[in-house]
Each structure stands twice: as C-alpha cells, then as structure tokens.
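Note that the coordinates shown come from a computational prediction; the quantities given were computed from them, not determined experimentally. Counting starts at 1 for both ligands and their atoms, following the listed order.
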Amino acid sequence: MLDRRGAELSERTIRVGLLGCGTVGAAVARILDAHADELALRAGCRLQVTRVSVRDLERRRDVPLPADAFTTDGGSIVDDPQIDVVCELLGGLEPARALVLRALANGKPVVTGNKELLANAGKDVFDAADASGQDLAFEAAVAGGVPLIRSLKESLVGERIQRILGIVNGTTNFILTEMSEHGSGFVDALTRAQALGYAEADPTADVEGFDAAAKCAILASIAFNTRVVAGDVYREGIADVTAQDIADAQRMGYVVKLLAIAELEDGAVSARVHPAMIPQAHPLASVRDAFNAVFVEGPNIGQLMFYGRGAGGDPTATAVVGDLVQVARNLVTGGRMIGCTCALDRRIRPMDDTRGQYYLNLHVEDRPGVLAEIAQEFGRNGVSIERVWQEGFGEEATLVFITHRAQEGAFQKTVQALRDLSSVRAVASLLRVEGEEG
Ligand SMILES: NC(=O)c1ccc[n+]([C@@H]2O[C@H](COP(=O)([O-])OP(=O)(O)OC[C@H]3O[C@@H](n4cnc5c(N)ncnc54)[C@H](OP(=O)(O)O)[C@@H]3O)[C@@H](O)[C@H]2O)c1
C-alpha cells in the first residue's frame, strides 16, 4: 500500500501508550489501525498502540488490540521505556494529572483531550513539558473534532485576536434546541438529551456550565497569550432558562444559546459562560442540536467561524490522531510544536467590570407613573434603555426592556433596585444579549 517514499519513511515505529480506552480512546485505537498506512506517510513513521490502561479489564471493547496489551496500572505505561508517546484519554483531574506529569518527566511527549486537566492544572503540565522539551498536544480538549486549537496557536499566530464567542458544549446546545423547536421545558429537554445519549446521568458539568468554562479558559489562554484558569471564568448554566424565556426571545427575533465569551479589552481579559439571546440572523443562531461553533474575531481576519461536531468518539479521535501524527513526526525529525503560549500576565477583568447588553422582563403594577419610576432607576445607575414596551394589562402587565451596552455591575445594581420597588411585582426574566451591537 505504501509508495517507495512512504516505505522509506516508515521504517521506524513509534509506540503509543494509551491511558483510557473508552469512547475516545477506543476510537483512536481503531483509526490508528484502520488508517495505518496513510498515517505512516504523513508521520514519517508507523504508529502502534502497544499498551493500554483501563479501570476494568473484563469490559468488552471493540478495539483491534490483543488482551495482553491491557493493564489497570497506568503508571507502568508512563514509566515503560518501550513507550515513545503517551496518549491520555482518561478524563478528570486525577490520576490524569499525576500520570501526564510523570510521562513528561520521563521524557515522553503527551497527547491529551482533557480540558479539566488543562484548565485547572495547565501551568503544571506546560511547565513539565517545557522542562522536558517534549510536546504536549491537546487539539481534542476543546470542540472535539473541530480543529480549533492548532488554528489558534499556529495558523492565526499573525492575528491579534480580540474576541472569541462560541457554543462549546453540545449537550446544552441540544437541550436549548429542543426547548426552542419543541417548546419543551428544561427538565423534559434534559430527559430527552439523556435518553439519546447526549447528556450524562449526572448532567451537572454540562448544564451548570463547568465544561464550557474549562474550554473558555483554554481558548482565552491561547488567544490572549496569558494564563486563564477555569476559576477565572464567570459561569452561569442553563438550568434557570425557562420555556417562557425562549418563547419571548423568539418573539423578539432572538435565539437563546449558552455562550462562552473571551474578550481582550485595554490589555485585560474577560472570560465568561452564560446563556444569552443572540439575533436569529447571527451565524451562531443556526447552530442546532449537539453541534459546536466558535466565532473568532480580529482586526485582520474580521470574523472566522469554526463549526462541527464538538463531541463523539470518532470526531474527537480524529483530533487526537492528528496530534499523535504531529508528535510522532517531531520525534522522527527532532522538531517541536509551539509550546505554552502564556507568556504575558494579563489582568482578569471581574464580571462586574465587563460590558454587555441586557433583556429584562418585569411584571409590574398597571398604573400611571410606573414606567417613569423604573426608568429613573436605570438612569440613576447609568444604564441606558434601547427599547421598552408594555405587554398585557392589569394583573398581566409586563414591561420589557432591552438596554444599550452597559456595565454589568451597574445593570445588576439596577435590577436590585427594581426588585425593591413596590410597583415591580417580579423580575420575570433577565437575559444577556450578545452579537447585536458593536
Ligand atoms: N467523549 C467525547 O465526546 C469527548 C470529546 C472531547 C474530549 N473528550 C475528552 O476525552 C477524554 C476521554 O473521554 P471519553 O469520553 O473517552 O471517556 P470515557 O468513555 O469515560 O473513557 C475513559 C477511559 O478511561 C479509563 N479510566 C478512567 N479512569 C481511570 C482510572 N482511574 N484508571 C484507569 N483507567 C481509567 C476508563 O476505563 P474503563 O473503560 O475500564 O472504565 C475508560 O477506558 C476526557 O478527557 C474527555 O473530556 C471526550
């Protein structure tokens, strides 16, 4: 199958130690086997999985690997002098962190898809990679099969990225799509997502925005050349988004999405994850179901959108295999990928200092003077109103506001003051608006 050049190039075999053989790990093993000849042409060597660590040796796995390749002892793989590259696909912070650090200390490059590890212990693992002079590749950690990390790190190195706006969690996007297209409530949509395998039995990491926050931290770190950790990211999930919010948004020409937003302004970085209304005409509005999409903005490129399958064994495994080929090629040629890019120490802007646009729906008393009273609170806090209108009468009276861009802290103060007004019966709904004003 190989041409002459390929045959020459592939004399050496790079032995891969796989930590984890679940959804992604098993798909990686299958692709490395099924595409072995083509991959050898690109890598300049053969890639072979020789050892695999798992929790349960009895579990049946659809992988082209002999039974004696498996162990429950990940440490024996990272310490094995016969292993050239370690591919970490366990997930979670430990034992992944300890094993990755040990592999790097042993002089082995590492490929990982672990966003939790990078967003919480990125400094440790990048320092270890630098100390050992080895590659640490992680294309699969954000947006699964969408080739985003190396695009940001390498292809876009000539751009000064100003903003990243993305849908980076497929589970919540599926739930919001269900709510929006079928009028379901959050709980029903989540139950359907679980039945279809889009949501875990414990959906906390997805619906509370932890998964998206980890990805947001990684994207912000690369885009702005500074360390942003998961704890730096302001986070709100989608559990409080109601069918009414979605219906209101639709009526006004918006779609509700869980967005990860990272911005650089005056040298400071803001990073946040929260549900937001975006105009139906915005490209992110048409990203449905479990798909991911990330919008990257800069002065030279304008706007770029990366779109595709952010999860799933096969799509994610293609990203892992791409990294493995690059890392293997570097082992053969003596090169190295771009390492840690966090050279600067930028300030993280607190959420209260960020600026945004807001939608607010208030149940109010239906009597003269109420609008003026409410408008006064907006004015007092320096929040200017772009649009306001009344819906319903009497007991049903509702005032709907869309603000101009305002400071988050000032807007939150306004809402607090409105809650204290006797003319405001309830703050029925509050959502941020993104993608509308410059
Ligand atoms: N699934 C996706 O769509 C996706 C997308 C992007 C990134 N990722 C990332 O890729 C990584 C792997 O995800 P996955 O979906 O493949 O996970 P998974 O299906 O749960 O597989 C995890 C694998 O690691 C093994 N494992 C877990 N803890 C272990 C321990 N303490 N000791 C030894 N083995 C252990 C498990 O062994 P057993 O099989 O014996 O249980 C299993 O083989 C994660 O970091 C995840 O965030 C996944």
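Checked by atom type, the side-chain pair E408/Q412 shows a donor-acceptor distance below 3.5 Å.
The line from CG of L93 to CG of N114 is 7.5 Å long, rounded to the nearest 0.5 Å.
Listed by chain and number, the residues in a ring-ring contact (aromatic ring centres under 6.0 Å, His included) with Y234 amount to none (sequence neighbours excluded). For Y359, the ring-ring contact (aromatic ring centres under 6.0 Å, His included) criterion is met by no residue, not counting sequence neighbours.
A ring pair (Phe, Tyr, Trp, His ring centres under 6.0 Å) check over residues 188-228, counting only residues at least two apart or in different chains, returns the pairs F174-Y198.
The contact shell of ligand 1, taken as protein residues with any non-hydrogen atom closer than 4.0 angstrom, comprises G20, C21, G22, T23, V24, V54, R55, D56, R59, R61, L89, L90, G91, P95, G113, N114, K115, A140, A311, G312, T316.
Outside the 6.0 Å centre-distance limit, the rings of Y254 and H282 are not counted as a close aromatic pair.
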